[in-house]
Q: 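Okay, here's the structure, questions in a sec.
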Amino acid sequence: MRQKIRKAVFPAAGLGTRFLPATKASPKEMLPLVDKPLIQYSVEEAVGCGIESILIITGRDKTAIEDHFDISFELEQVLLERGKREMFELVRSVSELAKISYTRQKQALGLGHAIYQARDFVNNEPFAVLLADDVVDAPEKSALQQLIDVFEKYQSPVVATMRVEGEAISKFGVIDAEQIEPRVYRIKDMVEKPKYSEAPSDLAIVGRYIFTPDIFQFIERTEKGAGGEIQITDAMRLMVKEGKPFYAVELQGTRHDAGDKLGFLIATVEYALKHEELANDFKNYLKSLYERIR
Ligand code: UTP
């Protein structure tokens with residue numbers, strides 16, 4: 001039977017050490033990219049792909065995320081009283097985006113361990129995983145939709161990748177793969193954060209995945225890897241080593257690492273330049289800034 005992707009999991013329990021002190025008391029997924037928190041972009045991406053139910057894996061200080069997607073009666077009341085109907089609709093629409101539930105990863109033991117917390121929610125269905133700090137600006141087709149298209153064809157797990165040049169590859173999980181279609185690969189092996197000289201290719205894994213429920217058995221068998229964490233790449237690797245088909249898509253679009261200070265600044269500029277209300281004024285500001293600093 002061909003299966004549809006109806007569920008999505010959002011791990012948001014990382015410590016966000018690269019973005020301290022901003023992430024000391026608030027999850028990095030709540031950092032605002034222009035006027036929306038990072039996690040709202042990827043929730044909208046998932047909803048746009050037909051995802052019906054969402055599980056957010058939170059760590060400490062989860063309340064900001066829950067509050068964001070909940071109804072805010074007090075705020076709504078004030079907006080209505082002040083005649084700010086449009087703003088009211090905007091605020092209300094966030095709480096109506098999707099059916100969202102939450103679970104806790106008690107300790108940040110790694111992405112593999114975070115995803116493992118979703119096993120009851122997922123039950124026995126294939127599911128998507130989105131990392132909200134990987135922002136993918138894909139004007140034609142969203143990143144998740146690109147993965148879903150491959151899943152629908154091959155009915156096997158799929159991971160998003162992009163090409164990374166030079167030493168920077170060592171920050172990623174990297175695949176060794178055979179191309180089977182334009183932008184689609186069958187994975188032969190993968191490794192988390194390899195040395196540049198040992199990277200099997202320049203195709204780096206980025207934060208969008210589609211898993212089948214058997215991933216949980218492989219996470220159970222995964223030992224601590226890079227950084228002393230249970231790495232999802234290691235669990236995926238076990239799967240591939242046992243001959244399970246696993247695919248990769250080379251994403252069309254631009255990916256920003258918004259969990260990194262510089263990546264976040266770049267994403268902010270790019271998104272501000274596309275923002276309906278801000279684009280013109282911001283462009284003028286950037287032009288004058290350029291004159292000042294060049
Ligand atoms: P990162 O690799 O960006 O780690 O996690 P991090 O801890 O969040 O941030 P840094 O590197 O210390 O700055 C990738 C994704 O996996 C989630 C994060 O929330 C992020 O979405 N994650 C990571 C968890 O949910 N739990 C973990 O134990 C680790």
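We count ligands from 1, going down the list as the structure has it; atoms in each ligand are counted the same way. Predicted model only: the values in this text are computed from it and were never measured.
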Q: Is the distance between the ring centroids of Phe127 and Phe216 under 6.0 Å?
A: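 Centroid separation for Phe127 and Phe216: below 6.0 Å.
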Q: Would you say the side-chain atoms of Glu242 pair up with the backbone N or O of Leu238, donor to acceptor, closer than 3.5 Å?
A: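 Pair absent, no side-chain N/O of Glu242 close to backbone of Leu238.
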Q: Give the residues near ligand 1 by chain and number, with the criterion being a heavy-atom distance under 4.0 Å.
A: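 Close residues (ligand 1, cut-off 4.0 Å): Pro11, Ala12, Ala13, Gly14, Leu15, Gly16, Thr17, Arg18, Lys28, Glu29, Gln105, Ala108, Leu109, Gly110, Leu111, Ala114, Leu131, Asp133.
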Q: Relative to Tyr41, does Lys36 satisfy both conditions: NZ or CZ under 6.0 angstrom from the six-membered ring centre, and within 45 degrees of the ring's axis?
A: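 The answer is yes, since Lys36 meets both limits relative to Tyr41.
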Q: Is it possible for you to check whether Arg119 lies under 6.0 Å from the centre of the six-membered ring of Tyr116, through NZ or CZ, and within 45° of that ring's axis?
A: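 Positive - Arg119 is close enough to the ring of Tyr116 and near enough to its axis.
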Q: Show every ring pair (Phe, Tyr, Trp, His ring centres under 6.0 Å) that has at least one partner inside residues 141-166, sequence neighbours left out.
A: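 Listed once each, the pairs are Tyr154-Tyr247.
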Q: Any donor and acceptor pair, going by atom type alone, linking the side chain of Gln105 with main-chain N or O of Gly110 inside 3.5 Å?
A: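 Checking the backbone N and O of Gly110 against the side chain of Gln105, a donor-acceptor pair under 3.5 Å is found.
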